[in-house]
There are 2 protein chains.
Amino acid sequence: MLKAERHKYIMTKLIEDQKVVTTDLALALDLSEDTIRRDLNELDSKKLLEKVYGGAVQVKEKSANVFDIAITAEEQKKQIVTKALSLLHDDQVIIMSGGSTNLVFAKLIPADLKATIYTYSLPIAMQLSQHPNIDLIFIGGKMQKNAMVTIGMDVIQVVSKIKADICFIGASSINIKQGLTEVGYEISIVKKAMIEASDRVVSMFASNKLNTKMPHGVCDLTQLDTIVTELDPEDEKLDEYRKSGVFIL
Amino acid sequence: MLKAERHKYIMTKLIEDQKVVTTDLALALDLSEDTIRRDLNELDSKKLLEKVYGGAVQVKEKSANVFDIAITAEEQKKQIVTKALSLLHDDQVIIMSGGSTNLVFAKLIPADLKATIYTYSLPIAMQLSQHPNIDLIFIGGKMQKNAMVTIGMDVIQVVSKIKADICFIGASSINIKQGLTEVGYEISIVKKAMIEASDRVVSMFASNKLNTKMPHGVCDLTQLDTIVTELDPEDEKLDEYRKSGVFIL
DNA sequence: CTTGTAGATGCATGATTTTGCAGTTTTTAG
DNA sequence: CTAAAAACTGCAAAATCATGCATCTACAAG
C-alpha cells in the first residue's frame with residue numbers, strides 16, 4: 001500500500017468518525033504504530049488534521065469555501081452512474097444516500113424526470129434543488145459534520161415510513177461474505193432502514209471497493225438487487241458476485 | 001509497445017484502481033522499473049497524475065461549483081451581521097431562517113461558539129456543518145427549490161416543539177403598521193412558528209427593506225425584540241421603529 | 001547499402017525515502 | 001507520585017529513486 005493511499009484512508013476515516021486512533025490504524029493497515037505516527041505528523045504539518053495524544057482529530061477551521069465539494073475520480077464516477085440512469089422512470093419514489101458517487105448521479109439525472117426523491121445529504125439536496133420536475137424531500141435530523149448528512153433516530157423514523165420504489169445507496173466497502181459494510185455505525189443503521197423501505201436496492205461504487213470490508217455491516221448481497229461498477233458486467237472480478245444472484249449493470 | 005500505448009495503459013489502470021504501483025507496472029508491461037518511472041515522471045509533469053514514492057495516484061480534481069451562491073451587497077451584510085454577533089453566547093439554542101443575510105451571519109459565527117442551531121436552509125446548514133463546536137440540526141421537509149429551504153407542515157411541527165433562546169429571522173419587508181411581511185405564504189407560517197418557539201426574536205435586514213410590504217403577514221413590531229440594520233441605531237429613519245419599543249442594534 | 005543521429009531502454013551506482021526496532025522521554029490516568 | 005501507554009529519537013535494513021552511461025532501434029540522409 002502506498003503512503004498516499006494510507007493518507008487518504010486516514011483522512012476518510014477521520015471524516016467518518018471525527019477522529020482516528022493510532023493503535024486502531026496500525027492494526028487496520030497492518031503497519032507499526034511508528035509509521036502511523038509519522039503519517040499523522042506529516043498530515044498535521046500539512047494542516048489536514050490535528051495530532052493529539054493517542055491519535056488525531058479534525059482540524060478546526062477549513063478556510064476553503066464550504067460549497068466547493070471535491071470529487072475524486074469524477075470521470076470514473078460519471079461512467080458508473082450513467083449506466084444507472086436507465087433505472088430511473090417517471091413517478092418513482094426514490095431514496096438516495098450520501099456520497100460523492102450519488103452526488104455525481106444527482107448531477108446527471110435528466111431534467112425532464114418527474115419523480116419524488118428523499119435524501120439526507122446536503123450536497124445532494126442542493127444539487128437536486130436545481131431540477132425543475134423533482135419533488136425533493138429532505139430528511140431532517142442531527143447533522144454529521146463534514147459528511148454533510150443527517151443521522152440518528154430522526155432520520156431512521158422518517159426513512160422507515162417511506163414506501164420507495166428504489167433506493168440508491170453508496171458503498172464504503174463490499175465483499176462476498178459480509179456484503180455491504182460501513183466505516184461509521186450511524187450511517188450503517190440509516191442505510192439498513194433505507195433498504196427496508198425500498199422495493200429495489202441499487203448500489204453504485206468503483207471496483208476498487210470490491211472485496212474490502214469495514215467494521216459495521218449494512219446488508220448481505222442477497223438484499224441488494226443491483227450493483228453498478230465501471231466494469232463490464234461480465235468481468236471476471238464480478239464472477240462471485242454474479243453467482244450470488246445480484247444483478248450487475 | 002509504444003510509449004503512447006503504455007501511457008494510455010497506465011492512465012486506464014490509474015482510473016481503475018485509483019493508483020498504480022511501479023513494480024506492478026514493470027511486471028505487467030515487461031519493462032524495467034526505470035522506464036516506468038520515467039513514464040510516471042513524464043505524466044506527472046503533464047499533470048495527468050501525481051507521482052508518489054512507489055507509484056502514482058490520481059490528481060485531485062475540483063468539481064464545478066453548482067453550489068455557487070451569489071450574495072448581493074455582501075459587504076453591507078457583513079456590516080449588519082457583525083453587530084449581531086454580540087447576541088450570541090455559549091449554550092444557546094438558536095433557530096435560523098434562510099436568506100442571504102443569515103448566510104453571511106453563519107459564516108461569521110466565531111469558531112469557538114458552543115451552541116445548538118436549528119435551521120431549515122440548505123446553504124446555512126452547509127456553512128454551519130463545518131463549524132467545530134455547533135450542534136447542528138436540520139429541519140427536514142419538502143424543499144422549496146428556489147430558496148433552498150424546507151417548508152410545509154413537517155417543518156412547522158418540528159419548529160413548534162423547539163424551545164429556543166433566540167431566533168434570527170430574515171425579512172422580506174418591514175413597516176410600522178403591518179410589521180414583518182413575506183412574499184410566500186408557506187414561509188410566513190414557518191416564521192410565525194419560529195417566533196412562537198423563541199424567547200428572543202432578532203431580525204436582520206438592510207435599510208432598503210424598511211417601509212415596504214408583502215402579501216403575507218408574519219408578526220407585528222411588538223413581537224420583535226431586536227432589529228439590526230446597517231444604519232446607526234440613532235438614525236432618524238429608525239425613529240418610528242424605536243418608538244414602537246423594539247431594540248435597535 | 002551505409003551511416004549518423006535522436007530517442008528509448010536497461011543496468012550500475014550512489015542517494016534518498018520508508019519502515020520497524022530499541023531505548024529514552026513525555027503524557028495520561030489512577 | 002507511580003505505572004502504563006504513547007511518543008520521540010537514533011539507527012539500520014530494505015525499497016525506491018535519480019543519474020550517467022552503454023546499447024539498441026528507427027529512420028532519414030548520403
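It should be emphasised that the depicted structure is a prediction, and the values quoted were computed from it without experimental measurement. Sequence lines set the chain letters: A, B, ... in the order given, protein chains first and strands last, and positions in each chain run from 1. Basis for what follows: all heavy atoms, side chains included, without hydrogens, waters or symmetry-related copies.
- The nearest whole Å value for the distance from the CG atom in Leu25(A) to the P atom in dA6(D) is 13 Å.
- Salt bridge annotation for Glu74(A)-Lys107(A): present, with a cationic side-chain nitrogen under 4.0 angstrom from a carboxylate oxygen.
- Non-hydrogen atoms lying under 4.0 Å from DNA chain D are contributed by Asp34(A), Arg37(A), Asn41(A), all within residues 29-49 of chain A.
- Under 4.0 angstrom from either OP1 or OP2 of dA7(D) there lies at least one side-chain N or O belonging to Lys51(A).
- One can find a donor-acceptor pair under 3.5 Å joining the base of dT17(C) and the side-chain atoms of Tyr53(B).
- In this structure, CD of Glu5(A) is placed 12 Å from P of dT19(C), rounded to the nearest angstrom.
- At dT9(C), none of the side-chain N or O atoms of Lys3(B) fall inside 4.0 Å of OP1 or OP2 (strictly under the cut-off).
- Lys78(A) has a carboxylate O that lies under 4.0 Å from a charged side-chain N of Glu75(A), or vice versa, which qualifies the two as a salt bridge.
- A salt bridge does not link Lys3(B) with Asp39(B): every distance from a Lys NZ or Arg NE/NH1/NH2 to an Asp or Glu carboxylate oxygen is 4.0 Å or more.
- Residue contacts for Val52(A): at a heavy-atom cut-off of 4.0 Å it reaches the sugar-phosphate backbone alone, with no base atom in range.
- Between Ile95(A) and Ala197(A), the closest heavy-atom pair is CD1-CB, 4.1 Å.
- Heavy atoms only, all atoms of each residue included: Ser121(B) and Ser97(B) are closest at CB-O, 4.5 Å.
- Between Arg6(B) and Glu42(B), no side-chain nitrogen of the basic residue sits less than 4.0 Å from a carboxylate oxygen of the acidic one, so the salt-bridge criterion is not met.
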